[in-house]
Each structure stands twice: as C-alpha cells, then as structure tokens.
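Letters go in sequence order (proteins before strands), and every chain restarts at 1.
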Amino acid sequence: MSRVKPLPVSGFPEWLPAERRLEQRILDTIRHEYELFGFTPIETPSVERMEILMAKGGLGRQIYTLGRPEEGGGAEGVKLGLHFDLTVPLARYVAQHQGKLNFPFRRYQIQKVWRGERAQRGRFREFYQCDVDIIGRGKLDPLYDAELPAVLNATFEACGFPDFRIHVSNRKILDALLRTRPGGEDKAAGALRAIDKYARDGAAKTRGYLAEEGVDAELIPVILEFIQVETLDEARAILERAGADTAGLDELRALISGAIDLGMPAERIRPDFAIARGLDYYTGTVFETFIAGKEDWGSVCSGGRYDDLANQFTSQLLPGVGFSIGLSRLLDLLIGEGMLEVGADSPTRVLVTTMDREAYLPRYLAIARRLREAGIETEVYLDTAKIGRQFAYASDRGIGLAVVAAAAEFDAGTVAVKDLAARTQETVAEDSLIEYIQSKLPG
RNA sequence: GUGGUAGUAGCUCAGCUGGUUAGAGCGCCGGAUUGUGAUUCCGGAGGUCGGGGGUUCAAGUCCCCUUUACCACCCCA
C-alpha cells in the first residue's frame, strides 16, 4: 500500500496537545482581559472581497486568494481572498454597520489571519491576531490612546508573559521634522523605511538609506540624532532647534503620563523615536512591544492611532486607536525559549483505574459519573491492562490523581486515591471520595 | 517573491575519498514483576536514507529538479 506522507504545509503551524492547551488558556485570558476593559467581541468572515482587501493599498502579493474551478478558479477572475489582518475587515465592518453600532465602538477580535510570506521561526503564514480597537465617529479623545498600553500591560501580566517594554512614538513628530524642508512631507514613507533599519544596521548605514530615499542632506544628521534620543526633553530641544512643530511631542507626553495614570508601570513604557514598523497607515501615536532581553525577536505587539479608519468605505470620519498581539509568533518564541510553562497534555484531573474490570466496571463508571457531576475532569481507563500500565497512562498525560479500587476496597466501602506525582496513596470512604479529591486538587 | 544552508528510525544524530542484509543513544511495545507508573535485566517493533530523475558494474554518499525546514532579504505579528 502506498501511503500519503503526512507532511505539513509550510508556514501553517500546528501544536501538540499540551501546547494547544496552553494556547487555548492564553486565548481565554486575553479575551477576559479585553472584556475587563469593556471591549466587545466581533468576528468577521475569514474571506473578504479582493477589492476590500486591496482598498488600503499594498500587500497584494501577500494575499491568499480563493477561487472555485467552476468560476474560473485560479489566476484571473479571483474576487475573494483570506484576510491578512483584522484592521481592514474592521474598517469594512464599521463602515457597513455604522448605523447600528454605538460609538466610541470598543471591539476586540481574536482570529486567524493569513499572509503569503516566506515562513521562518516565529513567522507564519497562518497565525492568530488578537486585536483591540476603539473607533470614534467624527472625533476620538487622545486619552483613548493612553488606554491601550494599560490594556496591553494588564493582558501580558495576566497571561504570565515575561517582562516587556512598550516603545512609543508619534508619527506627527517625524512628519514635522521632514516638513521643515520643501517637499519633505513626500519623503515620509521612504524615511520610515530607512529608520526602520536603524536598530539592525546602525547609524552609518541608516545615514546612507536616508540619502537613498532622497531626504534633504542637511536634515539627515538631525534625524539621526533625533532617533537616538531617549527622553522627551532631548527630543524637544532637537525639534525646536530645527524649527519643527512640537504638537506630536505633546501628544506623546500626554500618552505616556496617561498610560501611567491608568496603571502602566513607568519603567515599561518609554519614548523611542526610531520605531517605524507598521507606521505606514498610522497618523499619530505608534508603539511596539518588545520582550525584555529578547529585543532581537522584534515587536510582538504593535499599534497606534489612525485619523480615519474607513475612508475607503465611507465618507464618515472614523478615527481610531488599536493594537494587535501577534499571538502565534509570541507563543512559538516563548515556548521555544522555555519562557512559558507548557503543562499537561490532557485536561483530565482524575483517572478512574479499572483493576478488576470484569467484576466492577459499573462501579468504576459510577465513580466517574459522580466526579464529573461534581465538575471534576475525569476519565476511566477502558482498556484491559495491569494497574502499573494504567498509572503510566495517567502520568504521561499529566493526570494528577488515580482512583484505585477492587474487592479489597469495595468490600470495605472504601476506595484508594493515588497521588501520581507524590507517589502516595490514601484509602478513603467511598462516600467522602468527592470531598477528598476536591481537597487534593490545586485551585 | 529572491538568495544561502540543510533533510538518514517517533526524537537527537553517526555513516571516512560511492562498495555485501543502513547503525547508536533516547523513546515506544512485550516480558522478568497478572494490586501499583522509578531503576535494572532480557526480548521486540520501527527506515522505499524527504520525493523524482540522472551518472555508475555499484548511490545514503556524486549531478539536476522538486519539496520541506532553518537563516538572510523584502515585509511584517
């Protein structure tokens, strides 16, 4: 018989049970924390029309398209694609349902997204994004920006993630700097691309990149100095000397102090004028998040403010702020580094062993039923195997307790409960089994 | 999408310049031990050497294509 090789598809990750259980716990925790801040859940279809996906520009080659052979299938006539983020679907959703939504609209959305990029460690073609956004109609107070670092902080803490740093900036600042030269505002995209490489390539190369992008020669040293600055006061000095507007800097100051007032520890948030990634459609606040000591992983969560979320879909002005956690990337890296405890394979907490299945199967099943009715995750060992095998089964799955009973116990109205990790065993009255097990279980 | 490196048992790998039935450790299964998962001992299963084509008397080993992984670029979570 010729078998089909069980090969995975590149960039489409899958976990073994223990890791998937961890991922599920994290997803639940994120959901809970988002709701704690009053965000409401939505889900949009994985598939959108291509014209929607393309409306915000770029990314065309990264979209997985969808077609059916009957409809001309492959290359031409493709009208549908998988969403590559949750912001474009959000824009469509808000534009479409604006009459029925309450503004400011605080929503969260946790779904898989797809990007046709070359896969690498921590970089997938299918991955979870966990988005929160607040969308205003007509206006949205800058204080909303400050809420986001606080949400992020609470979420990362609740998930048990390692210490992290949020690097914040404001896109208006660089724009102001560029605008001090004629035609400078047109250089924004190129300048951002160059600045993006600063962390990796250093000042000398960045100088070259800026020149290649056509940034004014006299401005280049100012930008280089600026992106290396670490405090708001130094930044202000540079801007004033260059004659640039400082409105963006004022917003940044307000963001940082607001976030701290909302519970964000001050040491975890700091200005960083070299952050640029994902900046293209942001118009004000921007931030990226780095795991402390693992800055080389790049940003694991980024976000910011956009003046008009859905201008491609509606004439209504819909300003918003939001961020997205790239959960698949983050989990893959954290698990790979042993920075998150993975835990057991199975949710089962108690295994009811079947030492004498012939004689007592109904009693074993009845015990399991009582445990489940008490809300305790329980399995019965249903194969025929000697008792040692059954204990190994429990240990392998991380099941903490085993109920053991045959004639000796049942005749005395008792059952034995074995603690697999401690290798200890106690005999208790069958009537008090539930109470005993509840006292043994953590949490 | 572009380029570099790699692919031998479930896992980590050995296999020298091509040479009879491809190995080790760990893991897995069975037994010693039919009321107790450690250890020890004994036995066992598991490979079309990623796939396809080519060179050769002979290919895990050399060449080409392909696929997958890792790394860099592009870009980004």
Closest-nucleotide ordering on RNA chain B, the 5'-leading residue of A/Asp201 and A/Ile325: A/Asp201

How far, in whole Å, is B/C28 from B/A45 if one measures between their C1' atoms? 9 Å

Please report the distance separating the P of B/C75 from the corresponding atom of B/U68, rounded so that it comes out in whole Å. 24 Å

Knowing that exactly one of A/Tyr364, A/Tyr393, A/Phe391 qualifies, which makes a ring pair (Phe, Tyr, Trp, His ring centres under 6.0 Å) with A/Tyr381? A/Tyr393

Using whole Å, report how far CG of A/Asp396 lies from C1' of B/A38. 13 Å

Are A/Arg21 and A/Asp345 within salt-bridge range, i.e. N to O under 4.0 Å? no

Residues two or more places apart in sequence or in another chain: which of them pass side-chain hydrogen bond (donor to acceptor under 3.5 Å, both in side chains) with A/Glu337? A/Lys294

Name the nucleic acid region contacted by A/Ala402, choosing base, sugar-phosphate or nothing; use a 4.0 angstrom heavy-atom cut-off, strictly under. nothing

Can you tell me, in whole Å, how much space there is between the P of B/G1 and that of B/C11? 27 Å

Please state the C1' separation for the pair B/U33 and B/C26 - nearest whole angstrom. 24 Å

For B/C29 and B/G46, measure between their P atoms and round to the nearest Å. 16 Å

For atom CD1 of A/Ile387 and atom C1' of B/A38, their distance in whole Å: 17 Å

Given the P atoms of B/G30 and B/G4, what is the spacing between them in whole Å? 49 Å

To the nearest Å, give me how far apart CG (A/Leu420) and C1' (B/U36) are. 10 Å

For the pair made of NZ in A/Lys418 and C1' in B/U36, what is the distance, rounded to whole Å? 5 Å

For B/A77, does either OP1 or OP2 sit under 4.0 Å from a side-chain N or O belonging to A/Ser302? yes

Any strand is fair game: report the nucleotide pairing with B/G3 by Watson-Crick or G-U wobble, both distances under 3.5 Å, or none. B/C71

Donor-acceptor pairs under 3.5 Å, side chain of residues 426-438 of chain A to any protein atom, not counting sequence neighbours: which ones?
from	atom 1	to	atom 2	distance (Å)
A/Glu426	OE2	A/Tyr436	OH	2.9
A/Glu430	OE1	A/Arg363	NH2	3.0
A/Ser432	OG	A/Ala429	O	3.1

Ignoring the backbone of A/Arg329, work out which of B/A77, B/G35, B/U36 is nearest its side chain. B/A77

Provide the distance between the two C1' atoms, one in B/G18 and one in B/C62, to the nearest whole Å. 8 Å

Rounded to whole Å, please give me the gap between CZ in A/Arg357 and P in B/G35. 15 Å

Students often get this wrong, so: under 4.0 angstrom with heavy atoms, is A/Glu126 touching a base, only sugar-phosphate, or nothing? nothing

Please check if the side chain of A/Arg92 supplies one atom and the backbone of A/Val88 the other of a donor-acceptor pair under 3.5 Å. no

For residues A/Thr384 and A/Arg357, is any side-chain donor paired with an opposing acceptor at under 3.5 Å? yes

For A/Phe127, which residues count as a ring-ring contact (aromatic ring centres under 6.0 Å, His included) partner, sequence neighbours excluded? none

Classify the side chain of A/Gln390 versus the base of B/G35 as yes if they form a donor-acceptor pair under 3.5 Å and no if they do not. no

With sugar-phosphate meaning primed atoms plus P, OP1 and OP2, does A/Phe124 contact a base, only sugar-phosphate, or nothing at under 4.0 Å between heavy atoms? base

In whole angstrom, give the distance that lies between atom OH of A/Tyr381 and atom P of B/G35. 15 Å

Of the listed nucleotides (B/G35, B/A77, B/G31), which one gets closest to any side-chain atom of A/Ser299? B/A77

Tell me which nucleotide among B/C74, B/G30, B/G31 gets nearest to the side chain of A/Lys197. B/C74

For the side chain to side chain donor-acceptor pair (under 3.5 Å) test, which of A/Asp133, A/Asp131, A/Thr87 pairs with A/Ser324? A/Asp131

Mind checking if A/Arg193 touches a base, just sugar-phosphate, or nothing, with heavy atoms under 4.0 Å? sugar-phosphate

Pairwise P distance, B/U48 and B/C73 [rounded to whole Å]: 37 Å

Roughly how many Å is it from CG in A/Leu16 to P in B/G10, rounded to a whole number? 15 Å

Which base, if any, makes a Watson-Crick or G-U wobble pair with B/U21, both distances under 3.5 Å? none

Looking at every strand, decide which applies to A/Gly11 at a 4.0 Å heavy-atom threshold: base, sugar-phosphate, or nothing. sugar-phosphate

Protein-nucleotides 70-72 of chain B N/O pairs under 3.5 Å:
from	atom 1	to	atom 2	distance (Å)
B/C71	OP2	A/Arg121	N	2.9
B/A72	OP2	A/Gln120	OE1	3.1
B/A72	N7	A/Gln120	NE2	3.3

Is a donor-acceptor pair below 3.5 Å formed from side chain A/Arg123 to base B/A77, judging by atom type as modelled? no

Among all residues two or more places apart in sequence or in another chain, which pass the ring-ring contact (aromatic ring centres under 6.0 Å, His included) test with A/Phe164? A/Phe156

Donor-acceptor pairs are to be reported for all side-chain atoms of residues 142-149 of chain A against protein atoms at under 3.5 Å, with residues two or more places apart or in another chain.
from	atom 1	to	atom 2	distance (Å)
A/Asp145	OD1	A/Arg305	NE	3.1
A/Asp145	OD1	A/Arg305	NH2	2.6
A/Asp145	OD2	A/Thr285	OG1	2.7
A/Asp145	OD2	A/Arg305	NE	3.3
A/Glu147	OE1	A/Arg106	NH1	3.1
A/Glu147	OE1	A/Arg106	NH2	3.4
A/Glu147	OE2	A/Arg106	NH2	2.9

Whole-Å distance between B/G1 C1' and A/Arg115 CZ? 16 Å

By nearest-nucleotide position on RNA chain B, the 5'-leaning member of A/Val404 and A/Arg389 is A/Arg389

